[in-house]
Amino acid sequence: MSRAHAESVIKNIIVELVQECAVRGHVVSETLVAFMVKAVVLDPRNGFNVDRLLTKQDVQKLLCLAKLMEKCSPSLDTIKMQVYFDMNYTSRREFLEEIHRVVESRLSPVSREITDSRVKRREELDALYLKIITFVQLSTSMGSPKDDKAVQQATAALQSVFPPMELGAFMVLLKREKEQQLKELAMLVTGIRLFNKASKKGGEETDVHELMPTILIEALPVTIKNIEHELSVSQNLAWKYTAVLEKPADPDSQPGECDVPVVLLKRALYNIRQHEVFLKMLLPLFKSLSKVWSGLKDEAELLNILNNIRHNLQPFIASQAKMFSEAYLDSLLEASEVKTDEQRMTESSANFNELPLQYNGFCGYTLVNSDGLLLPGNPHIGVFKHKEKLYVFRSKEAALKFASSPGVFIAEVAEKAKHSPELIQLLKLHQQFSCVTPYEEMQPGERLLVKPIKKCESGTQTDIHPVETNIVKSYEWNEWELRRKAIKLADLLTKVTHSVQTDLSHMRRENVSQTWLPKNAASQSKRDSESNVPKPQIYLAGLRGQRDGNMVKTNLTRSVDE
């Protein structure tokens with residue numbers, strides 16, 4: 001089975017699971033099913049090998065219908081909550097862009113009527129002017145077009161910048177120019193009305209809150225209060241779950257009876273911790289709404305969207321609340337102390353909150369050594385840096401043991417996440433699982449499940465002279481040219497110019513004189529000559545022809561004196 005064929009089989013499995021769940025009365029998204037299938041592949045207990053061809057047994061394991069149909073499952077609820085948050089949460093900029101698109105689609109019919117109008121009579125011009133007033137009111141949301149007082153205020157503001165007599169000039173503009181002028185008129189009228197509302201007569205001081213939309217004034221404090229209350233409830237539950245799971249390991253505590261598996265308590269802890277993380281992500285956005293005064297209408301719409309997300313997150317923590325009530329947790333705790341996250345990190349610096357801590361600030365050693373227990377690390381103990389990543393721990397002993405073999409513990413944390421896939425997002429293990437992208441790093445249009453790897457070749461070039469005025473014309477890089485200029489200046493220093501002017505020639509003509517450069521001349525102080533010495537000539541006689549004869553050596557070299 002080829003890789004493409006395997007991917008096709010997995011896609012068919014996802015579609016089949018969605019249809020089967022729908023038949024059984026459970027509506028699930030393909031994204032949720034894909035996440036569950038991926039969790040099955042990552043779980044080492046299933047024995048999947050990415051390089052191995054899919055067998056019939058593998059396909060049966062991928063048909064994880066039982067997991068999707070589980071009732072009252074904190075683990076499944078956590079994954080559903082992550083998928084829902086991923087599908088609905090995006091950046092502030094994209095939220096506002098979507099609001100603007102909705103407003104523009106709502107205003108497009110009115111804008112089209114105005115820009116396409118070809119009126120000529122007086123009555124038609126008056127009707128067109130009323131349509132422009134309606135467009136301005138709808139685009140600013142400052143009062144309803146059916147409110148007579150709001151219509152009067154908008155009319156007065158529009159007449160101050162665009163009187164009805166200018167409709168003729170407006171009609172001859174192009175369609176694009178008309179649309180642009182309508183937007184500018186809407187902004188001008190909004191500014192004028194806000195200024196008039198703030199400038200009360202009699203010198204009375206105006207409260208800035210009076211300029212905000214009513215929905216923002218009424219809903220913002222209530223929504224922030226609600227989300228802070230839900231965050232407090234989730235944190236209290238997380239602390240109680242943590243204390244219950246810590247109790248068996250405490251030598252001073254009395255052993256209590258627990259009739260539920262520990263793994264369910266851990267999954268409930270993961271569920272409530274994920275809910276806490278999402279609420280904290282939403283809370284800064286809520287608080288920023290009260291500080292931003294521009295685009296108040298957009299903030300009100302954004303408030304409704306975030307409030308809906310917050311409200312829709314509530315059902316995803318229902319299963320753990322149904323299985324483990326607070327009274328039941330209190331009975332398990334008995335007299336044990338419930339520590340808050342702040343108590344665990346006493347006297348820690350506020351700057352630690354800005355550090356990119358691994359595992360979302362939880363102790364990785366405790367997660368491995370305590371079989372999946374989530375405990376927040378204490379940065380005041382110290383921050384361990386390993387391969388440009390920062391880790392925190394619950395105690396000094398945990399930090400020392402983690403530092404002794406960090407690679408082993410990091411791999412063990414990844415294995416824990418494979419057994420509990422909801423930990424991938426909760427602990428931000430996206431770097432170890434390339435198929436998952438964290439919410440903070442998502443690009444427009446991306447989702448958390450699949451993050452394709454994109455590579456491209458690029459190059460940059462720097463201009464030699466980006467600013468022409470900075471060029472030094474007298475600069476010379478050639479040393480020989482500098483040498484030539486230096487010789488020329490030195491030669492001029494030896495020249496003298498004489499000029500004479502008399503009273504008769506004063507202010508009548510110019511007198512000039514010219515000097516001639518010296519001629520090139522050469523001298524010779526010696527002449528070239530050469531000497532010759534005699535060439536050595538030696539003659540040897542008697543080398544051949546005589547067996548017993550003697551060799552005679554004769555020197556024929558001439559004397560040097562000759």
Side-chain angles (χ1 to χ4, degrees), residues 17 28-46 64 66-89 234-235 237-238 241-242 245 260-281 309 312-324 358-364 366-368 370-376 412-440 442 447-451:
L17 286 172
V28 295
S29 63
E30 291 189 3
T31 306
L32 174 62
V33 176
F35 194 97
M36 294 299 296
V37 171
K38 190 67 177 180
V40 173
V41 175
L42 291 176
D43 195 338
R45 294 171 294 186
N46 295 323
C64 49
K67 294 185 178 180
L68 291 170
M69 300 293 292
E70 286 183 358
K71 295 182 179 180
C72 202
S73 172
S75 178
L76 181 60
D77 282 349
T78 304
I79 295 175
K80 288 182 178 179
M81 177 165 44
Q82 293 170 348
V83 173
Y84 167 78
F85 198 82
D86 164 61
M87 300 298 293
N88 291 272
Y89 181 84
S234 296
Q235 288 177 335
L237 282 175
Y241 279 122
T242 303
L245 292 171
V260 294
V262 177
V263 65
L264 288 179
L265 288 171
K266 292 178 181 177
R267 290 177 179 176
L269 176 60
Y270 301 160
N271 176 261
I272 207 65
R273 281 294 189 183
Q274 184 65 82
H275 186 249
E276 176 192 359
V277 170
F278 285 156
L279 289 180
K280 287 182 178 179
M281 292 176 63
I309 295 178
N312 292 330
L313 286 176
Q314 192 67 28
F316 298 117
I317 61 172
S319 60
Q320 60 85 20
K322 184 178 179 181
M323 295 177 62
F324 310 108
Q358 296 298 308
Y359 306 141
N360 214 356
F362 291 102
C363 178
T366 305
L367 182 72
V368 174
S370 300
D371 195 19
L373 177 61
L374 278 183
L375 281 182
E412 287 294 331
V413 171
E415 290 298 322
K416 292 291 182 183
K418 292 179 181 179
H419 288 79
S420 300
E422 61 267 29
L423 291 178
I424 296 177
Q425 285 300 321
L426 180 57
L427 301 183
K428 296 183 179 180
L429 299 177
H430 55 280
Q431 295 178 348
Q432 293 171 285
F433 300 94
S434 59
C435 61
V436 181
T437 306
Y439 304 103
E440 294 82 356
M442 284 193 302
R447 293 299 175 191
L448 65 86
L449 294 177
V450 178
K451 184 179 182 181

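Across every non-hydrogen atom of Ser234 and Ile272, the tightest pair is O-CG1, 3.6 Å. Nearest heavy atom pair, residue Ala238 against residue Leu269, reads O-CD1, 3.7 Å. Nearest heavy atom pair, residue Ile79 against residue Leu32, reads CG2-CD1, 3.7 Å.
Looking at heavy atoms from C-beta onward, Pro74 lies in side-chain contact with Met323 at the 4.5 angstrom threshold. Contact annotation: the side chain of Met81 never approaches that of Gln425 to less than 4.5 Å [non-hydrogen atoms, C-beta and beyond]. In this structure, Leu427 and Leu374 have side chains that are in contact, with non-hydrogen atoms separated by less than 4.5 Å. Using a 4.5 Å heavy-atom cutoff, the side chains of Leu367 and Tyr359 are not in contact. The side-chain heavy atoms of Gln320 and Leu237, taken from C-beta on, include a pair separated by under 4.5 Å. Side-chain atoms of Tyr241 and Phe324, non-hydrogen and from C-beta on, do get closer than 4.5 Å to each other.
Classified by interplanar angle (parallel below 30°, tilted 30° to 60°, perpendicular above 60°), the ring pair Tyr84/Phe316 is tilted.
Scored by the salt bridge (charged side-chain N to carboxylate O under 4.0 Å, His left out) test, Arg273 finds Glu276, Asp341 as partners (sequence neighbours excluded). For Tyr270, there are no side chain to side chain donor-acceptor pair (under 3.5 Å) partners at least two apart in sequence or on another chain. Here Thr78 pairs with Gln82, Asn271, Gln274, Glu422 under the side chain to side chain contact (heavy atoms under 4.5 Å, CB included) rule; sequence neighbours left out. Under the rule for a side chain to side chain donor-acceptor pair (under 3.5 Å), the partners of Ser319 that lie at least two apart in sequence or sit in another chain are Asp77. The salt bridge (charged side-chain N to carboxylate O under 4.0 Å, His left out) test applied to Lys416 returns Asp371, not counting sequence neighbours. The side chain to side chain contact (heavy atoms under 4.5 Å, CB included) test applied to Ser73 returns Glu70, Ser75, Leu76, not counting sequence neighbours.
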